[in-house]
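Before I ask anything, let me first share the structure, which is written out below as structure tokens.
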Amino acid sequence: TFLNDEYWMVKVVAIQCLKHLQAEQAIPHITLCLHDPEWWVRLSAAQALKNLGAKGLKVLQMQDSKINPLAFEAAQHILETKEHDYDESN
């Protein structure tokens, strides 16, 4: 899938598409992107999960700094960011 593409930019576009489609069924796949080595993929995944509502927010809130500090950092960044502070086009 595009979420597993070798290029991080392709992953980001795929995540944004799922976010705009409000594809709740993609939450498990987007969640895996929180563990991507590329910051922009993790950030896009976290934003998409936040936009997907309660289920996505729960995933973000469950991230543990001891299990995966990178996923935790992206989740916390998005959870602490106010809607108007974040450009939705990212």
Side-chain angles (χ1 to χ4, degrees):
T1 69
F2 290 118
L3 293 176
N4 296 319
D5 197 272
E6 65 179 294
Y7 298 105
W8 68 266
M9 292 168 281
V10 174
K11 294 177 194 179
V12 168
V13 171
I15 292 166
Q16 288 177 352
C17 288
L18 293 169
K19 175 179 77 171
H20 291 297
L21 290 171
Q22 292 292 298
E24 269 193 29
Q25 66 273 23
I27 287 176
H29 304 288
I30 296 170
T31 300
L32 292 175
C33 292
L34 286 174
H35 305 276
D36 195 273
E38 177 59 48
W39 165 250
W40 291 111
V41 174
R42 296 190 307 271
L43 187 67
S44 294
Q47 182 62 45
L49 289 167
K50 183 176 181 179
N51 286 12
L52 288 171
K55 291 180 184 178
L57 283 170
K58 184 174 181 178
V59 170
L60 292 175
Q61 293 163 346
M62 291 175 49
Q63 296 307 304
D64 187 331
S65 63
K66 294 178 182 125
I67 295 172
N68 189 322
L70 297 176
F72 177 79
E73 179 186 11
Q76 290 304 304
H77 179 77
I78 292 300
L79 289 170
E80 294 170 0
T81 302
K82 296 177 183 165
E83 291 299 320
H84 65 275
D85 290 342
Y86 188 79
D87 181 6
E88 286 286 308
S89 64
N90 286 331

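Residues take their numbers from the sequence shown, with the count starting at 1. The figures here come from the full heavy-atom set of this structure, side chains too, leaving out hydrogens, waters and symmetry mates.
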(request) Write down the atom of Lys50, the atom of Thr81, and the distance for their closest heavy-atom approach. (result)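 Between these two residues, the closest heavy atoms are NZ-O, 2.9 Å.
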
(message) Counting only heavy atoms from other residues, nucleotides and ligands, does the tally under 6.0 Å from CE of Met62 exceed 12?
(response)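 At most 12 heavy atoms, drawn from other residues, nucleotides or ligands, come within 6.0 Å of this atom.
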
(request) Would you name the heavy atoms of Leu18 and Leu52 that are closest together and state the gap between them? (result)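 Scanning both residues completely, I find the closest heavy atoms to be O-CD2, 4.4 Å.
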
(request) For the pair Glu73 and Leu70, evaluate side chain to side chain contact (heavy atoms under 4.5 Å, CB included) and give the outcome as yes or no after the intermediate values. (result) CA-CA 5 Å; Glu73 179 186 11; Leu70 297 176; 4.2 Å; yes

(request) Identify the two heavy atoms, one from Gly56 and one from Ile27, that lie closest to each other, and give their separation to 0.1 Å. (result)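 The answer is N-CD1, 3.9 Å.
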
(request) List for me each residue that meets side chain to side chain donor-acceptor pair (under 3.5 Å) alongside Gln22, sequence neighbours excluded, and say none if there are none. (result)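 Result, side chain to side chain donor-acceptor pair (under 3.5 Å) vs Gln22: none returned.
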
(message) Quick one: does any side-chain atom of Arg42 pair with a main-chain N or O of Ala71 as donor and acceptor, under 3.5 Å?
(response)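 Absent.
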
(request) Identify the two heavy atoms, one from Ala46 and one from Ala74, that lie closest to each other, and give their separation to 0.1 Å. (result)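 Scanning both residues, the minimum pair turns out to be CB-O, 3.7 Å.
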
(message) Could you measure the distance from the CG atom of Leu79 to the CD atom of Gln47? Nearest 0.5 Å is fine.
(response)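 Reported to 0.5 Å precision, the distance equals 10.0 Å.
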
(request) Might you work through the side chain to side chain contact (heavy atoms under 4.5 Å, CB included) test for Ile30 and Val59, ending with a clear yes or no? (result) CA-CA 10 Å; Ile30 296 170; Val59 170; over 6 Å; no

(message) Check for me, please, whether Val13 and Val41 land in the same ILVMFWY cluster - side-chain distances under 4.5 Å, paths through other members count.
(response)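 No.
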
(message) Quick check for you: to the nearest 0.5 Å, what is the distance between Lys11 atom NZ and Ser44 atom OG?
(response)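 With rounding to 0.5 Å, NZ (Lys11) is 11.5 Å from OG (Ser44).
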
(request) Go through the structure and list residues passing salt bridge (Lys or Arg N to Asp or Glu O under 4.0 Å) with Lys55, not counting sequence neighbours. (result)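 With sequence neighbours excluded, Lys55 shows a salt bridge (Lys or Arg N to Asp or Glu O under 4.0 Å) to Glu24, given in chain and number order.
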
(request) Give the ring-plane orientation class for Trp8 versus Trp40, where under 30° counts as parallel, over 60° as perpendicular and anything between as tilted. (result)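 Ring orientation, 0 to 90° scale: parallel.
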
(request) Could you check if a side-chain atom of Gln63 sits within less than 4.5 angstrom of a side-chain atom of His35, using non-hydrogen atoms only? (result)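 Gln63 reaches His35 side chain to side chain.
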
(request) Could you tell me the separation between the CG atom of Leu60 and the NE2 atom of His77, rounded to the nearest 0.5 Å? (result)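 Rounded to the nearest 0.5 Å, the CG-NE2 separation comes out at 12.0 Å.
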
(message) Using a 4.5 Å cut-off between side-chain heavy atoms of Ile, Leu, Val, Met, Phe, Trp and Tyr, which other residues end up in the same hydrophobic cluster as Phe2?
(response)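 Its cluster mates, by chain and number, are Tyr7, Val10.
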
(message) Out of the candidates Asn51, Leu43, Leu57, only one should pair with Ile78 under the side chain to side chain contact (heavy atoms under 4.5 Å, CB included) rule; please name it.
(response)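 When Asn51, Leu43, Leu57 are each tested with Ile78, the side chain to side chain contact (heavy atoms under 4.5 Å, CB included) holds only for Leu43.
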
